[in-house]
Amino acid sequence: MFNIILFGPPGAGKGTQSLNIVKEFRFVHLSTGNILRDLIQHNTATGQLIKKFIDRGNLVPDDIVLRELFSEALKHQRKPGLIFDGFPRTVNQAEALDNMLEKKGIPVSMVISLEVEQEELYRRIIGRSVDSGRSDDVEEVIRQRFVTYEQETLPLKDYYHSSGRLVEVSGMASVPEVYELIREEIKSHMQASKRRSVV
Ligand code: ADP
């Protein structure tokens, strides 16, 4: 199995590019945002709790996210690969993910970090808000999401860099151009991991 984490700030294009990867590589897309928003739709006690965090631009507590994401991930162990989109978001989540996947013998193969300038991120999220209907795509919540990202999620870059899994890709160009960069990285890493498994 070839497992990828798509990493980057809100609006970097993780969701958009995940769909392109799914189309070509037949990987399974695991979006924590979508999983959590689905839970909110079901209007259970957990759903209501999750909504409170999301509507303030804060992270949903690790125990909830880990439980929901792991149960989803473990359903797809026979697929060619998984794409983690929007997860992990804290070093604690990253360590828990590494432990879980290593136990299953399916570790994270690469972490693609989409690099996009702040102004462009705002422009994209404001654009998305027109039809996303997302309650967290409004201005004051967007600002808080960036603060949360810088404080809690950005330290993860060092975590993955120091284990040699981080690949930085510019996400500033058009969607197809960015995808071209991503697919080249995935292909070359897949070939390298095949060579390693032969040796
Ligand atoms: P994320 O999942 O990282 O929060 P999304 O994939 O939802 O980001 O993208 C946010 C918005 O920006 C979407 O409306 C999407 O259409 C747009 N977008 C994504 N990538 C690009 C790009 N390379 N150029 C222009 N707009 C983009």
We want to know whether Q48 and T46 form a side-chain donor-acceptor pair, criterion being a heavy-atom distance below 3.5 angstrom. no
Would you say NZ of K51 has more than 12 non-hydrogen atoms from neighbouring residues, nucleotides or ligands within 6.0 angstrom? no
Just wondering, more than 12 heavy atoms not from R56 lying within 6.0 Å of its CZ? no
Using a strict threshold of under 4.0 Å (side-chain N to carboxylate O), is an ion pair present between R165 and D98? yes
Tell me whether the rings of F70 and F87 are parallel (<30°), tilted (30 to 60°) or perpendicular (>60°). perpendicular
Do V175 and L114 land in one hydrophobic cluster if side-chain heavy atoms of ILVMFWY residues count as linked below 4.5 Å? no
Restricting to non-hydrogen atoms, name the atom on G171 and the atom on R124 that form the minimum distance, rounded to 0.1 Å. O-NH2, 2.8 Å
Candidate pair I182 and N20, rule side-chain contact (heavy atoms from CB on, under 4.5 Å), full reasoning: CA-CA 10 Å; I182 292 175; N20 286 328; over 6 Å; no
Can you name the nearest heavy-atom pair linking A94 to L156, along with the distance? CB-CD2, 3.4 Å
In the structure I gave you, are the side-chain heavy atoms of F53 and I64 within less than 4.5 Å of one another anywhere? no
When you look at V111 and V167, which way does the side-chain contact (heavy atoms from CB on, under 4.5 Å) test go after all the steps? CA-CA 6 Å; V111 180; V167 177; over 6 Å; no
Can you check whether V138's main-chain N or O pairs, donor with acceptor, with S129's side chain at less than 3.5 Å? no
Separation between CD of E152 and CG of N92, rounded to the nearest 0.5 Å: 10.5 Å
Does the side-chain contact (heavy atoms from CB on, under 4.5 Å) test come out yes or no for M172 and E115, once each step is laid out? CA-CA 7 Å; M172 288 292 289; E115 307 289 321; over 6 Å; no
If you define the side chain from C-beta out and look only at heavy atoms, does anything of I112 sit under 4.5 Å from F7? no
Residues, nucleotides or ligands: over 12 heavy atoms within 6.0 Å of E117 CD: no
Rounded to the nearest 0.5 Å, what separation is found between the CG atom of L82 and the CG atom of L30? 5.5 Å
If you measure from NE2 on H76 to CG on L74, what distance do you get to the nearest 0.5 Å? 9.5 Å
What residue among T16, I83, V169 forms side chain to side chain contact (heavy atoms under 4.5 Å, CB included) with L6? I83
Joint cluster assignment, V147 & I54, ILVMFWY side-chain distance < 4.5 Å: no
Donor-acceptor pair between N3 and S109 side chains, under 3.5 angstrom: no
K104 meets the side-chain hydrogen bond (donor to acceptor under 3.5 Å, both in side chains) criterion, sequence neighbours left out, with none
With a 4.5 Å cut-off on side-chain heavy-atom distances among I, L, V, M, F, W and Y, is there a chain of contacts connecting V22 to M1? no
I'd like to know whether E180 forms a side-chain contact (heavy atoms from CB on, under 4.5 Å) with R183, so could you lay out the CA-CA distance, the side-chain angles of the two residues, the decisive distance to 0.1 Å, and finally the verdict. CA-CA 5 Å; E180 195 52 39; R183 76 191 284 269; 3.4 Å; yes
Beyond-backbone contact of E185 with M110, side-chain heavy atoms, under 4.5 angstrom: yes
Rounded distance [0.5 Å steps], CZ in F84 versus CD in Q93: 11.5 Å
Would you kindly say whether S188 and E184 are connected by a side-chain donor-acceptor distance under 3.5 Å? no
Nearest heavy-atom contact between S113 and L166 is CB-CD1, 4.0 Å
Does L97 share a hydrophobic cluster with V60, counting links as ILVMFWY side-chain heavy atoms below 4.5 Å and allowing steps through other members? yes
With a sphere of 6.0 Å drawn around CD of E139, does it hold more than 12 non-hydrogen atoms of other residues, nucleotides or ligands? no
Give a yes or no answer on whether the side chain of K23 reaches the backbone of S18 with a donor-acceptor pair at less than 3.5 Å. no
Output for pair (L49 CG, L36 CG), nearest 0.5 Å, gives 11.0 Å
I106 reachable from M190 in the ILVMFWY side-chain graph, under 4.5 Å edges: no
What one should report as the nearest heavy-atom pair of L39 and T44 is O-OG1, 4.2 Å
4.5 Å side-chain heavy-atom contact, R196 and Q191: no
How far apart are the closest heavy atoms of S132 and D137, and which atoms are they? OG-OD2, 3.0 Å
Apply the test side-chain hydrogen bond (donor to acceptor under 3.5 Å, both in side chains) to residues Y159 and E95: give CA-CA distance (whole Å), side-chain angles for both, the deciding distance (0.1 Å), then the verdict. CA-CA 9 Å; Y159 175 85; E95 288 170 349; 5.1 Å; no
Single hit among L59, D62, T148, V65 for side chain to side chain contact (heavy atoms under 4.5 Å, CB included) with R89: L59
Which pair of heavy atoms, one from T153 and one from P88, lies closest together, and at what distance? CG2-O, 4.4 Å
Looking at R145 and E150, is there a salt bridge between them, counting it only when a charged N and a carboxylate O are closer than 4.0 Å? no
Between F25 and F2, does the ring centroid distance fall short of 6.0 Å? no
How long is the straight-line distance from CD1 of I35 back to CD of E72, given to the nearest 0.5 Å? 5.0 Å
Say whether, by atom type as modelled, one donor and one acceptor occur between the side chain of H161 and the main chain of K157 under 3.5 angstrom. no
Does CD in E119 sit with more than 12 non-hydrogen atoms of other residues, nucleotides or ligands closer than 6.0 Å? no
